[in-house]
2 protein chains.
Amino acid sequence: MQAATFSALGEPSRLQIVELLGLRPYAVGEIAEALGIRQPQVSKHLRVLSESGIVRAERRARRRIYHLQAEPFAEITRWAESFEALWDARLDALGDYLRTTEDEEHRP
Amino acid sequence: MQAATFSALGEPSRLQIVELLGLRPYAVGEIAEALGIRQPQVSKHLRVLSESGIVRAERRARRRIYHLQAEPFAEITRWAESFEALWDARLDALGDYLRTTEDEEHRP
DNA sequence: GGAATGTATTCCTGTCAAGGAATATGTGGG
DNA sequence: CCCACATATTCCTTGACAGGAATACATTCC
């Protein structure tokens, strides 16, 4: 898993942009207006999101319509799901681990 | 979705720590040794992960055993999955959107 | 071709976070 | 009780990054 993907999503304005683009594709100016962010900031954030593969732009006349890309979300889902397999086993594993480190323990 | 969660995971060392803790719970010193990071840095990273609810510590003698928490991963999964429902519809939606913005278009 | 629109880039500044080193805090063992 | 081990905290410096303002770039419409 790429830290850069999470890093891109870890900035509040960028996360807002992503969630907005989850509704439908948006042009840069529309994003700026919808979120109350100045256009240059939006462009900069889109650059970061673009470089980590989260969004892509389609040119349409003078505008650029940004939309989400599937793959990063699929990767995040796979990654996060891979941990969920552990929770049932987790308590046991913790118990096991604690039990194997009784060198420090004084038992009554 | 909390940007702070992604922000915590967006730092390479912290992501490494999380993936290590996906194997089993670890004590601070063990993490430091396994990843070749100095102990104070590990403690600082664990503080960040702890504050965003990604890990918890169990005290065991003089050591603190850190382990992952389920909820943040569940939230990430739900969040990322919610976007995956869009991909099939996405191309259509983009097409629709582009079609509704023909005001800029000069058609031959 | 020129004006106007839409977007990207640059420069600047302030803030924040990460790493290193040293040290404080805590806790169990003898 | 004091020591030693395990972990947390502090102080410092440096680099990265977000936001503001101004401007460059690109494209289309006339």
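First the proteins, then the strands, lettered A, B, ... as listed; each starts at 1. Note: hydrogens, waters and symmetry copies are ignored here, and every other heavy atom, side chains too, is used.
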S.K.: Using whole Å, report how far CZ of B:R47 lies from P of D:dA6.
M.R.: 22 Å

S.K.: Should A:Q39 and A:V28 count as side-chain neighbours, where that means a heavy-atom distance under 4.5 Å?
M.R.: yes

S.K.: Do any of residues 37-45 of chain B sit with a heavy atom less than 4.0 Å from DNA chain C, and if so which?
M.R.: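 B:R38, B:P40, B:Q41, B:K44, B:H45 - these, ordered by number, are the residues of the stretch whose heavy atoms sit under 4.0 Å from the strand.
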
S.K.: In whole angstrom, give the distance that lies between atom OH of A:Y26 and atom P of C:dG6.
M.R.: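 Taking atom P of C:dG6 as the reference, OH of A:Y26 is at 17 Å.
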
S.K.: Does D:dA8 have OP1 or OP2 under 4.0 Å away from a side-chain N or O of B:Y66?
M.R.: yes

S.K.: Round to a whole Å and report the spacing from CD1 of A:I65 to P of D:dT27.
M.R.: 15 Å

S.K.: Could you state the CD-C1' distance from B:E51 to C:dA17, rounded to the nearest angstrom?
M.R.: 13 Å

S.K.: Would you please confirm or rule out a distance under 4.0 Å between OP1 or OP2 of D:dA18 and any side-chain N or O of A:R14?
M.R.: yes

S.K.: Which heavy atom of A:G53 sits nearest a heavy atom of A:Q69, and at what distance?
M.R.: O-CB, 3.3 Å

S.K.: Given C:dG29, D:dT27, D:dA8, which nucleotide is nearest the side-chain atoms of A:R59?
M.R.: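 Of the options given, the side chain of A:R59 lies nearest D:dT27.
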
S.K.: When the distance from CZ of B:R62 to P of C:dT27 is rounded to whole Å, what number comes out?
M.R.: 12 Å

S.K.: Side-chain N or O of B:S13 less than 4.0 angstrom from OP1 or OP2 on C:dG19?
M.R.: yes

S.K.: Atom CD of A:E30 to atom P of C:dT5: distance rounded to whole Å?
M.R.: 17 Å

S.K.: When you measure from the centre of the six-membered ring of B:Y66, is the NZ or CZ of B:R64 closer than 6.0 Å and no more than 45° off the axis?
M.R.: no

S.K.: For B:Q2, is the CD atom crowded, meaning more than 12 foreign heavy atoms sit under 6.0 Å from it?
M.R.: no

S.K.: Mind calculating the distance between CD (B:E11) and P (D:dC17) to the nearest angstrom?
M.R.: 12 Å

S.K.: Please confirm whether the shortest side-chain N or O distance from B:R63 to OP1 or OP2 of D:dC5 is below 4.0 Å.
M.R.: no

S.K.: Working to the nearest 0.5 angstrom, can you tell me the gap between B:L35 CG and B:Q41 CD?
M.R.: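 Here the interatomic distance stands at 12.5 Å.
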
S.K.: How about B:E33: does its CD atom have over 12 heavy atoms from other parts shown lying under 6.0 Å from it?
M.R.: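 It does not: B:E33 CD has 12 such atoms or fewer within range.
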
S.K.: Would you kindly give the CZ-to-P distance between A:R64 and D:dA26, to the nearest whole Å?
M.R.: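 After rounding, the reported distance stands at 9 Å.
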
S.K.: Is the number of heavy atoms from other residues, nucleotides or ligands under 6.0 Å of A:E71 CD greater than 12?
M.R.: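 Atom CD in A:E71 is crowded, with more than 12 foreign heavy atoms closer than 6.0 Å.
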
